[in-house]
Trainee: 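Dropping a structure here in structure tokens format, bear with me for questions.
Only a predicted model underlies this, so the values are computations on that prediction, with no experimental measurement involved. In what follows, every chain begins at residue 1, and chains take the letters A, B, ... in the order their sequences are listed.
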2 protein chains.
Amino acid sequence: MATIREVAARAGVSAATVSRVVNGVPGFSEGTRERVKAAIDELGYEPDSLARGLKTSQSALLGVLAPAVSDALASQILSGVESAARESGHAVMLGRTGAGAELATDYLRTLRAYRPAGVVLISSAITPDMRRAAGSRIPLISVAIRKGSEFASIAIDDELAAYEGTKALLDAGHRRIGLLAGDESSVLVNKPRERGYRRAMAEAGATPLEERGNSLYESALPALERLWRRDPGLTAIFALSDEMGAAAVNEAQRRGLRVPDDLSVLGFDDTPTSRHVHPPLSTVAQPLVPMGELAVRVLLGEHGRNRILPHRLITRGTTGPVPAYSP
Amino acid sequence: MATIREVAARAGVSAATVSRVVNGVPGFSEGTRERVKAAIDELGYEPDSLARGLKTSQSALLGVLAPAVSDALASQILSGVESAARESGHAVMLGRTGAGAELATDYLRTLRAYRPAGVVLISSAITPDMRRAAGSRIPLISVAIRKGSEFASIAIDDELAAYEGTKALLDAGHRRIGLLAGDESSVLVNKPRERGYRRAMAEAGATPLEERGNSLYESALPALERLWRRDPGLTAIFALSDEMGAAAVNEAQRRGLRVPDDLSVLGFDDTPTSRHVHPPLSTVAQPLVPMGELAVRVLLGEHGRNRILPHRLITRGTTGPVPAYSP
DNA sequence: TTGTAAGCGTTATCAT
DNA sequence: ATGATAACGCTTACAA
């Protein structure tokens with residue numbers, strides 16, 4: 001762990017000069033540059049980020065908060081964040097939000113002490129408490145969730161995406177489309193999606209049919225049961241998460257329904273889970289990785305704030321035309 | 001962003017005293033403690049981690065390296081790491097290893113500059129290069145991979161686990177058990193598992209039948225195809241990853257085989273993927289979350305090094321007795 | 001082009 | 001029990 005002074009001594013210059021060379025700040029000759037570089041290599045010198053951060057009151061750290069570390073959707077976004085961060089010479093600090101906002105503010109306070117260049121909040125809206133905990137210096141941005149325009153965010157238009165997903169099912173001739181909704185508390189993501197579904201159904205004069213899970217695989221089973229009980233002749237299911245979509249595919253097949261021949265299933269988000277069923281799940285895709293990348297670019301000031309990214313309907317194997325007869 | 005001096009001024013004491021109170025270092029009276037605490041609350045003071053780390057040459061950061069940020073197995077381990085880290089007052093820095101060891105050494109160099117309390121390497125052995133890049137100060141530990149005993153690690157006994165998994169299939173009467181192996185380059189994880197399979201098969205006088213994927217879902221399809229071509233009468237498939245196991249379940253059902261009535265499938269690792277098929281996948285479980293937790297405890301010096309954790313056979317819905325007749 | 005020196009916010013040593 | 005002071009390793013005016 002050589003210090004800048006040791007490098008300076010070895011190169012026969014002052015620490016200030018080494019600093020200039022390292023940071024590419026003008027003010028040294030070519031010869032000096034070479035001698036300094038040589039000394040750096042010989043000593044294996046690496047600038048101490050702690051000292052640098054202290055001096056400049058800014059570290060090359062980027063905070064990320066995810067609802068759960070092992071969440072598939074969050075992992076995809078995190079993946080984009082990580083690569084963009086690395087590209088711009090930043091390292092990533094990761095924390096878990098959990099259900100409530102308490103852990104988040106806690107973690108934000110911890111983060112602040114490291115003077116990060118910014119913080120990305122995944123699937124979590126920015127509350128005034130959080131904003132306060134982070135201090136005024138640190139830019140925050142939320143991803144995959146949209147709220148007013150007071151805070152920066154990167155997301156899709158959930159209402160529109162769900163509307164178009166439903167529309168695609170309707171256009172394929174489906175009328176009896178069951179909705180597998182997510183948690184009621186998800187006011188900024190699930191609620192808009194539900195509204196999109198209802199709007200499309202209403203426009204088509206079809207009757208909405210909704211049951212609620214919590215977006216996870218297991219939660220879909222009872223909701224599915226209720227859906228089928230209310231209408232055994234459903235020809236399509238729109239699940240507001242890929243996990244619930246995967247559950248619908250598996251459960252339908254278990255009951256002897258062919259997918260998509262007897263029942264179409266449409267998922268949401270385009271997480272890797274969508275590829276873990278057979279046939280692979282059609283889904284309303286969010287560009288998760290690019291969203292993560294864009295978030296760090298915005299934080300780093302390379303882009304404007306508050307962007308809506310385009311969603312995309314990906315037709316894989318689980319959606320098809322309405323069956324000629326009700327199974 | 002109040003500093004320690006501002007707190008000191010407000011409490012009418014010196015910065016040194018505030019520091020003592022904050023760190024619980026003896027040398028202050030009860031009255032002083034109260035006044036300092038009050039000043040801290042009033043100013044919303046939070047010690048600057050950068051300055052503290054610089055002074056103590058040790059930050060409360062824990063590095064984690066994962067092969068891919070969105071890897072399901074790594075996510076589980078990461079989840080354990082995060083919770084143990086938080087519990088001990090540490091924050092987590094996350095980086096991606098990628099395929100080669102180059103990114104890893106790169107990242108370790110970056111990490112070193114933050115003087116972390118330790119680094120956890122997920123599914124990646126510690127090479128001398130890495131050891132060097134990290135510097136001699138920083139303890140490293142690898143998780144879910146085992147190598148000699150020169151470096152600390154937390155893992156299961158892969159050979160034994162695969163042996164017992166195979167044995168369970170054999171005990172259920174299966175003889176024609178196909179192996180879905182992982183990448184050949186995985187010398188420290190997949191190879192031992194293959195050996196365990198072969199040993200069990202040999203002991204039972206059964207003929208091993210192996211095809212290779214790369215542990216991911218898609219890679220299993222062609223391998224499966226080859227397996228069935230070599231023996232259309234297979235009664236069981238042992239997949240050395242849950243993703244490949246899930247693929248086997250889906251593909252078998254697609255071909256009209258009932259699982260587990262016609263074909264048993266056993267996975268490996270116990271990632272969430274195992275619950276995303278129907279019936280849910282039986283699997284040879286690694287205690288991934290506890291492994292992550294233990295890794296940070298070992299790094300922090302609360303436990304010994306080099307631990308082998310117990311694996312566990314989890315029988316869910318995809319394994320059963322050998323069918324009476326060959327389908 | 002280069003060096004000197006101050007200071008970022010903290011902790012640790014040494015007095016008092 | 002408490003305070004003054006000197007680092008930790010770096011960057012950045014300001015001088016030269």
Side-chain angles (χ1 to χ4, degrees), chain A residues 1-37 39-40 43-61 89 109-117 135 137, chain B residues 1-37 39-40 43-61 89 109-117 135 137:
Chain A
M1 303 244 199
T3 73
I4 202 172
R5 279 180 226 285
E6 300 178 83
V7 173
R10 175 137 196 157
V13 298
S14 74
T17 297
V18 175
S19 175
R20 290 186 194 105
V21 171
V22 167
N23 297 301
V25 174
F28 50 85
S29 69
E30 176 57 18
T32 308
R33 196 192 63 80
E34 278 169 17
R35 274 177 305 133
V36 170
K37 287 286 190 196
I40 286 174
L43 295 172
Y45 169 72
E46 180 86 15
D48 185 309
S49 299
L50 263 19
R52 177 182 278 173
L54 173 59
K55 179 62 189 175
T56 62
S57 44
Q58 167 94 206
S59 71
L61 255 20
R109 234 184 303 277
T110 304
L111 259 183
R112 178 177 56 164
Y114 285 95
R115 299 173 178 273
R137 280 288 126 67
Chain B
M1 304 240 202
T3 73
I4 200 171
R5 278 180 226 287
E6 301 179 85
V7 174
R10 176 138 196 157
V13 298
S14 73
T17 295
V18 175
S19 175
R20 286 190 272 257
V21 171
V22 167
N23 298 297
V25 174
F28 52 85
S29 68
E30 176 56 20
T32 307
R33 195 191 64 80
E34 278 169 16
R35 273 177 304 133
V36 169
K37 287 284 189 197
I40 287 176
L43 296 172
Y45 169 72
E46 180 87 16
D48 185 309
S49 299
L50 263 20
R52 177 182 277 175
L54 173 60
K55 180 62 189 173
T56 63
S57 45
Q58 166 95 205
S59 72
L61 254 20
R109 236 184 303 278
T110 304
L111 218 39
R112 177 175 57 163
Y114 285 95
R115 300 175 179 270
R137 280 288 127 67

Trainee: Roughly how many Å is it from CD in B:Glu34 to C1' in D:dA1, rounded to a whole number?
Mentor: 16 Å
Trainee: Considering only heavy atoms from C-beta outward, does the side chain of A:Arg109 approach that of A:Arg112 to under 4.5 Å?
Mentor: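 Touching, per the 4.5 Å side-chain cut-off.
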Trainee: Name the closest nucleotide to the A:Thr32 side chain, picking from D:dA1, C:dT1, D:dT11.
Mentor: C:dT1
Trainee: Whole angstroms only, please: what is the CD1-C1' distance between A:Ile40 and D:dC10?
Mentor: 13 Å
Trainee: Taking the side chain of B:Arg20 as heavy atoms from C-beta outward, which of C:dT10, D:dT2, C:dT2 is closest to it?
Mentor: D:dT2
Trainee: To the nearest 10°, give me the bend of the helix from C:dT1-D:dA16 to C:dT16-D:dA1, comparing the axes of its five terminal pairs at either end.
Mentor: 40°
Trainee: Can you tell if the side chain of B:Val36 reaches within under 4.5 Å of the side chain of B:Phe28, non-hydrogen atoms only?
Mentor: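 No, every pair of side-chain atoms sits at 4.5 Å or beyond.
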Trainee: To the nearest Å, how far apart are A:Arg52 CZ and C:dG7 C1'?
Mentor: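 Between C1' of C:dG7 and CZ of A:Arg52: 17 Å.
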Trainee: Measure CZ/B:Arg33 against C1'/D:dT2 and give the value in whole Å, please.
Mentor: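 From B:Arg33 CZ to D:dT2 C1': 17 Å.
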Trainee: Heavy atoms, side chains only, cut-off 4.5 Å: are B:Val21 and B:Val13 in contact?
Mentor: no
Trainee: Run the side-chain donor-acceptor check on residues 4-11 of chain B: report pairs under 3.5 Å with partners two or more places apart or on a different chain.
Mentor:
residue, atom, partner, partner atom, Å
B:Glu6, OE2, B:Thr3, N, 2.8
B:Arg10, NE, B:Glu42, OE1, 2.6
B:Arg10, NH2, B:Glu42, OE1, 2.8

Trainee: For B:Glu30 and B:Arg33: C-alpha separation, side-chain torsions, deciding distance, then whether salt bridge (Lys or Arg N to Asp or Glu O under 4.0 Å) applies.
Mentor: CA-CA 5 Å; B:Glu30 176 56 20; B:Arg33 195 191 64 80; 3.2 Å; yes
Trainee: The side chain of A:Asp48 is closest to which nucleotide in this list: C:dT10, D:dG9, C:dG9?
Mentor: D:dG9
Trainee: With a 4.0 Å cutoff (strictly under), does any side-chain N or O of A:Ser19 reach OP1 or OP2 of D:dT12?
Mentor: no
Trainee: Touch check for B:Thr17, heavy atoms < 4.0 angstrom, all strands: base, sugar-phosphate only, or nothing?
Mentor: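 Contact class for B:Thr17: sugar-phosphate only.
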Trainee: Any side-chain heavy atom of A:Tyr114 sitting closer than 4.5 Å to one from B:Asp48?
Mentor: no
Trainee: Under 4.0 Å, counting only non-hydrogen atoms across every strand here, what does B:Val13 touch: a base, just sugar-phosphate, or nothing?
Mentor: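 It contacts sugar-phosphate atoms only.
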Trainee: Using modelled atom types only, decide if a donor and an acceptor are shared between the side chain of B:Thr56 and the backbone of B:Arg52 within a distance under 3.5 Å.
Mentor: yes
Trainee: Would you kindly give the CZ-to-P distance between A:Arg115 and D:dC10, to the nearest whole Å?
Mentor: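 A:Arg115 atom CZ is separated from D:dC10 atom P by 18 Å.
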Trainee: Both B:Ala51 and B:Ala16 contact DNA chain D. Which one's nearest nucleotide lies toward the 5' end?
Mentor: B:Ala16
Trainee: Take atom CZ of A:Arg35 and atom C1' of C:dG3, then tell me their distance rounded to the nearest Å.
Mentor: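 The answer, rounded to whole Å, is 14 Å.
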Trainee: Please work out which residues in residues 1-9 of chain B have a non-hydrogen atom less than 4.0 Å from an atom of DNA chain C and list them by number.
Mentor: B:Thr3, B:Ile4, B:Arg5
Trainee: Are the side chain of A:Ser59 and the backbone of A:Gly53 linked by a donor-acceptor contact shorter than 3.5 Å?
Mentor: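 A pair under 3.5 Å: no.
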Trainee: Does a side-chain heavy-atom distance below 4.5 Å link A:Val25 with A:Ser19?
Mentor: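 Side-chain contact under 4.5 Å: no.
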Trainee: Choosing from C:dT2, C:dG3, C:dG9, which nucleotide comes nearest the side chain of A:Ser29?
Mentor: C:dT2
Trainee: Which whole-number value in Å describes the distance from A:Asn23 CG to D:dT12 P?
Mentor: 7 Å
Trainee: Please tell me which of A:Lys55 and B:Pro47 maps to the more 5' nucleotide of DNA chain C, matching each residue to the nucleotide holding its nearest heavy atom.
Mentor: A:Lys55
Trainee: What I'd like to find out is whether the side chain of A:Arg137 reaches to under 4.5 Å of the side chain of A:Arg115, using heavy atoms alone.
Mentor: no
Trainee: How many Å lie between CG on B:Leu54 and C1' on D:dA6, as a whole number?
Mentor: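 Checked: the CG to C1' distance equals 13 Å.
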Trainee: Is any side-chain N or O of B:Tyr45 closer than 4.0 Å to OP1 or OP2 of C:dT10?
Mentor: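 Indeed, a polar side-chain atom of B:Tyr45 lies that close.
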Trainee: The side chain of B:Thr56 is closest to which nucleotide in this list: D:dT11, D:dG3, C:dT11?
Mentor: C:dT11
